[in-house]
Amino acid sequence: ARGVHKRAYSLSVQSLLQQSLLATSYPQLTAQNTLFRRSHQPQTDYQSSAVLSLGLPAKERMPAAEAVLTRLTEANTTMLDRADVTAPGFINVTLRADWIAQHAFTMATTGVQPRSAGDHKQRVIVDFASPNMGKELHVGHLRSSVLGDTVCNLLEFQGHEVTRVSHVGDLGSAIATLLVQAMDDADNEACSLPPRTDLLAASASAADLGRWYERGKQRLTTDAAFKSQVDSVVLQLQKTDVSAWTLPWKQTCAISRAAFATLNARLNVTVQERGEATYLPLIPKVLDLLVQSGLAVESQGALCIFLDGQDKSPMLIRKQDGGFLYATTDLATLYSRIHGDPSIDPIAYDRAIYITDLSQSLHFRHLFEAARRAGWTDHRPVQLDHVGFGLVMGEDGTKLSSRKGGSTSLEALLNQAGIESAQRSVVDDADHGYIGDAAVRYYDLAQHRERNYKFAYSSVLNLKGNTAVYLMYASARLQGIRRKAGLNEPWTAVLADPASAAVLLEASATWHPTERALALVLSQFEDALLETQAGWHPHMLCEYMFRLTTSFHAFYEACRVQNHAPRLVLCAATDAVLRKGLALLGIAAIERM
Ligand code: ARG
């Protein structure tokens, strides 16, 4: 869409082919139906079904394809080696080896540098890794963190200005339930839970918070007095009364914050906290605006927004008792993000991306629709996206749970990955704690975002599969090759040498098929990024990384690299792209493995 892509993706092979196809000036071809796709046939690099989408009668398709082909080959002598047409009207192209060599080299040098988004630069806020305070992080929290962090990396790489926020749930019934339980020493003692002093001194652990919460949740259904106390604490927290609950609330947040930070660091996730409570001061004003605009209406003592007609599930934004809900704080938050606020969101954002599980799709559809209908986006276009994801399941396809029941804690899951990495590995002296964390992060990203996936250590740590271990191993092997070649600086020195491009170009005339295949994959890095960003599907970048690594191994197996200058250039290029891809996915390569 828009002119954005032309500049930002000038290195995309598919875009270049597309442009040359358009330049054939075949009258009916338009930008939409000309896309070249990677071909899966051995003798062909790319294929286009452009002519088939023109709606021509069957007998005119092949002649039309032939006509396009003739102009395409005449116009594009530097890029194309061979081109032909196959029934019922596909156009197949094979690229010239020297063009691939040049493009692969460009990709490894300029293609891995951060971009400048120029006039298209957006100020983007990404809302991710936003658990509720007091919750012990479980495997379900993994996805938002690693997807969100990766989305941010990609946006930053494209030259956008990115604000990474963790919109933690620090208000509402979950934290209130925990607080009321934690402060009830009689019940704590009866259930062998820690005493309240542990909370007040912030000496309780994140697991203790989880236990108080679970106990409180049980009582909510059976103990009416307990429930009404929780409701009243919700209100007190929302009114920011300086009350008996302020200290335990602060301590709960402090304990959780520290636990979240530890896990985020292990997963290489960078984010700053800007929780629900931050937006409390804006709520009265935003509710007034919504009422004035006629969007929010009283209904049985509550305040509601009816978006899908009078009787379908409304957005409840103020309860009968005056309490606010998830939708209320999110409306105030979105108002602030769109308009900016001197003390909360100093920037008025051009785009907001929310990353949560798919069960919240309706919430976000309502939220965005309400903002539009309230006219908040009238004066300036603001792009609002919910990027939803599926569940993490156990090997048997049911919800992943620990032996004790309940979801597996994320910490336990990561620790176990480190242990299993050590057991499965061929090397002993590696940092298996690090490898385990990286492997879990990568495996999550390698799954289709919108689908549920099964978590099994045998897949997460598979030495030959599409895993972090496989990629990191390739990267470490590349460093070994470099050291053996007597190169002590990083490979980038090879790429910085002006002679290197010429060396590679000359060698392309006599390439082994595995050399050509590797260079072709290298030239496709930009296309992989393009695909990945189009719908925020990091698994596409992971698939690319896997193809790159597999091609590298095939090349390394078939070709002698030692003392072979052009092949060392190819290794240097592979290393550059491999590292960049890993970095975008949030994984730092390791030197030896
Ligand atoms: N705290 C919520 C949860 O645990 C996620 C918040 C996502 N962000 C937002 N602005 N609603 O499900």
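Quick caveat, the model's predicted, so the values are computed rather than measured. One-based numbering, in listed order, for ligands and for the atoms of each. Both backbone and side-chain heavy atoms feed into the values below; hydrogens, waters and symmetry mates do not.
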So if I count the atoms of ligand 1 from 1 in the order they appear, which ones are less than 4.0 Å from some heavy atom of Thr356? 7 (C)

Proximal candidate to atom 6 (C) of ligand 1 [heavy atom criterion; set Phe364, Tyr326, Tyr354]: Tyr326

Do Glu420 and His432 have side-chain atoms, one donor and one acceptor, less than 3.5 Å apart? no

At under 4.0 Å between heavy atoms, what of Tyr279 touches ligand 1? The answer is neither

For atom 8 (N) of ligand 1, which protein heavy atom lies nearest, and how many Å away is it? Asp127 OD1, 2.9 Å

Please work out which of the three classes, parallel, tilted or perpendicular, describes the rings of Phe368 and Tyr354, given edges at 30° and 60°. tilted

To check your reading of the model: name the closest protein heavy atom to atom 5 (C) of ligand 1, its residue, and the distance in Å. Ser130 O, 3.2 Å

Exercise: identify the closest heavy-atom pair between Ile255 and Ala206: CG2-N, 3.8 Å

Under-4.0 Å salt bridge between Asp378 and Arg372: no

Keeping the roles fixed (side chain from His120, backbone from Ala117), state whether a donor-acceptor pair exists under 3.5 Å. no

For the backbone of Val180 and the side chain of Trp245, can you confirm whether one donor and one acceptor N or O come within less than 3.5 Å of each other? no

Looking only at protein heavy atoms, which one is nearest to atom 12 (O) of ligand 1, and what is the separation? Gln360 NE2, 2.9 Å

Quick test of your reading of the structure: of Leu171, Asp170, Asp330, whose heavy atom lies closest to atom 11 (N) of ligand 1? Asp330

For ligand 1, is any non-hydrogen atom under 4.0 Å from Lys135's backbone (N, CA, C, O), its side chain (CB onward), both, or neither? neither

